[in-house]
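Proteins get letters first, then strands, A, B, ... in listed order; numbering begins at 1 in each. Just the heavy atoms: all of them, side chains too, but no hydrogens, waters or symmetry mates, feed the values below.
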Amino acid sequence: MGSYLDVLVFLLTGVVFVFVGLWAAYLFRPHRPNPHKLSTYECGERPFGGSWVKFRVRYYIFALVFVIFDVEAVFLYPWAVIYRELGLFGLVEMFVFLGVLVIGLIYAWKKKVLQWV
Amino acid sequence: MLTDIAARLQALFDQVHLWCSQSAFWSGVFAVGWSLFKVVLIIAFMVVNVLVLVWLERKVSARIQSRLGPMRVSRPHGWAQSLADMVKLLGKEDIIPRSADRALFVIAPIVSFTAALLVYVVVPMGPSAVVSDLNIGMLYLAAVTSFTVMGVLMAGWGSNSKWTLLGAMRGAASIISYEIPMVLAVLGVVMLAGSLSTTAIVQAQSGLWNIVLQPIGFLVFLAALFAELNRVPFDMAEAESELVSGFNTEYSGLRFAFFFLAEYANLVALSAIGVTLYFGGWQGPVLPPLAWFLIKTYAFIVLVMWIRWTLPRVRIDQLLSFGWKVLLPASLVNLAVTGIYLLWV
């Protein structure tokens, strides 16, 4: 576990570094807020309505396809590491596994999921 | 002279190490202290590189557009420009819009910056000059680089502005779409090396660089790199000519600076990873490993900048269909070809 101590230290230091930086800037930056400065930027016009509104469902569909393929990639990592030892068995296994996913990709393609309509 | 100092430091280090290893408590303190030393070193490396790169990018873009770029701030060639910019950003007022989600707004730059910093843990700069040679290196990298999308989404949604929301949504869609081809392209290299450790991947290339064996994989990796880094031609998250500044429109002062820092730090880190995966990492004749690492990384960065200032931005629909219909099949073919090649050779 020793090598993961570095990861933890890097994680915590990254967070602390941002706060220390902001604190250092706080010491000599001006602070004179007014309602216009604090309003949302909309090209100088008065902001019109909120922004937390409905957005395209397409983004969600792409995210769903992404989840499927990302999980697939995670499954492939251990396989790739020991591929040389697996030999022909590994190759056949991969073709079966990827074949199913390629069929899925073709299905999504044909159903026009991958199209930005 | 230099070797003498190095030897003395080594002796001192060994003495402290020996003294600390007598009790469990002090060896723990020593381990944490050593980690802290490394993180300070890496942050310094990162900041210096970012300052150089901001200047370099402006010079490269100026060169490509037949301009001079920054010339005024100190001679030669305005080298202190990014230092001046940093001081300016430090002195800027910190504004959090009234309608923003304060918690998300504050956390977003922290996530972006920390994710960029975490990538450096597995970047190998020399035979033993790596912060921590994790045996799951490439998997760790895939996990850490995907934090970038969290920062972008948090900033875009938390700002509660139309520009930022549009930028963040497009950025998120492009980053996740290009992550899969990238991860699959990297798998080809993992198969050749038989290990996920970045150091082992470099050592496996002592005879032949992976670029020769993995040309398709490299092209897929390079294309996906631009989406991961939010750079033109795939800079959907920023798109400054249509979305003002994209996901970070509402940020000012140092909070903006942290996004900027993270972006360029990611450029260095992912270029270093590109060199590690395809160009033999720190290996090379005559010069020391660290020099080769820096030369190759900077050559890679200049290539990335060159492409960025040559190509126009693509539309989001073109971007997504290119990712899913060209890059993903190409990376799958690359995987299959690599599998067959390894069985024959």
Side-chain angles (χ1 to χ4, degrees), chain A residues 2-7 9-11 13-15 17-19 21-22 24-26 28-33 35 37-43 47 50-52 55-56 58-59 62-63 65-66 69-70 73-74 76-77 80-84 87-88 90-91 94-95 98 102 105 109 114-116, chain B residues 31-32 35-36 38-39 43 90-95 97-99 109-110 113-114 117-118 120-121 131-134 139 160-163 165 169 172-173 176-177 179-180 183-184 187 190-191 194-196 244 249-250 253-255 258 316-317 320-321 324-325 328 332 335-336 339-340 342-343:
Chain A
S3 51
Y4 292 93
L5 180 70
D6 289 320
V7 178
V9 169
F10 268 62
L11 185 71
T13 316
V15 175
F17 185 77
V18 174
F19 280 111
L22 286 173
Y26 168 77
F28 58 96
R29 70 176 172 225
H31 183 63
R32 282 185 283 280
K37 274 187 196 167
L38 294 180
S39 72
T40 307
Y41 176 71
E42 222 153 271
C43 307
S51 312
W52 292 333
F55 50 86
R56 280 184 93 104
R58 277 285 148 201
Y59 292 110
F62 271 101
V65 184
F66 160 76
F69 277 89
D70 212 33
V74 171
L76 282 173
Y77 266 97
V81 174
I82 55 164
Y83 180 76
R84 278 176 199 269
L88 189 64
L91 187 72
M94 181 197 66
F95 270 113
L98 285 184
V102 168
L105 182 66
W109 198 327
L114 305 179
Q115 214 159 39
W116 192 264
Chain B
V32 173
S35 286
L36 279 173
K38 287 192 275 195
V39 77
I43 287 181
L90 265 170
K92 286 283 178 190
E93 188 171 355
D94 180 38
I95 293 168
R98 208 180 327 101
S99 56
I110 300 176
F113 176 78
T114 310
L117 184 63
L118 279 175
Y120 285 85
V121 171
V131 172
S132 182
D133 183 25
L134 301 181
L139 186 64
N160 193 5
S161 155
K162 279 124 194 155
W163 305 119
L165 183 70
M169 281 299 168
I176 62 173
S177 296
E179 192 168 304
I180 297 161
V183 163
L184 290 179
L187 274 179
V190 172
M191 283 163 77
S195 171
L196 289 170
V244 189
T249 302
E250 294 291 343
L254 210 60
R255 286 185 212 278
F258 277 115
I316 178 99
D317 60 325
L320 290 177
S321 63
W324 287 99
K325 296 175 183 173
L328 181 59
L332 289 174
L335 211 58
I340 294 168
L342 275 178
L343 217 56

Based on non-hydrogen pairs under 4.5 Å, which of [options] is most in contact with chain A?
options: B:Ile43, B:Leu184, B:Leu165, B:Val32; value: B:Ile43
options: B:Ile316, B:Ile95, B:Leu335, B:Val131; value: B:Val131
options: B:Ile110, B:Ile340, B:Asn160; value: B:Asn160
options: B:Thr114, B:Val183, B:Val39, B:Asp317; value: B:Val39
options: B:Val190, B:Leu332, B:Ile180, B:Leu196; value: B:Ile180
options: B:Lys92, B:Met169, B:Lys38, B:Arg98; value: B:Met169

Is there a donor-acceptor contact under 3.5 Å linking the side chains of B:Thr249 and B:Ser161?
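Side chains of B:Thr249 and B:Ser161: no pair found under 3.5 Å.
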Side chain proximity check, A:Tyr4 to B:Ser132, heavy atoms < 4.5 angstrom
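The answer is no; the side chains never approach within 4.5 Å.
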Residue pair B:Leu343 / A:Tyr83, side-chain heavy-atom distance below 4.5 Å:
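Yes, at least one pair of side-chain atoms sits under 4.5 Å.
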Ignoring hydrogens and angles, tell me if any N or O in the side chain of B:Glu250 forms a donor-acceptor pair with the backbone of A:Tyr41 under 3.5 Å.
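Answer holds: yes.
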Check: A:Arg32 main-chain N/O paired with A:Lys37 side-chain donor or acceptor under 3.5 Å:
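Between the backbone of A:Arg32 and the side chain of A:Lys37 there is a qualifying donor-acceptor contact (under 3.5 Å).
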With sequence neighbours left out, what residues match A:Phe17 under ring pair (Phe, Tyr, Trp, His ring centres under 6.0 Å)?
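For A:Phe17, the residues satisfying ring pair (Phe, Tyr, Trp, His ring centres under 6.0 Å) (neighbours in sequence not counted) are B:Phe113.
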Which residues share a ring pair (Phe, Tyr, Trp, His ring centres under 6.0 Å) with A:Tyr59, sequence neighbours left out:
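Listed in chain order: A:Trp116.
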Quick one: what part of A:Leu98 sits under 4.5 Å from any heavy atom of chain B, side chain, backbone, both or neither?
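The answer is the side chain of A:Leu98.
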What part of A:Val102 is in contact with chain B, defined as an atom under 4.5 angstrom from a non-hydrogen atom: side chain, backbone, both or neither?
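It is the side chain, since no backbone atom gets that close.
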Could you tell me which of A:Ile82, A:Val74, A:Leu105 has the largest number of non-hydrogen atom pairs under 4.5 Å with chain B?
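Maximum pair count with chain B is reached by A:Leu105.
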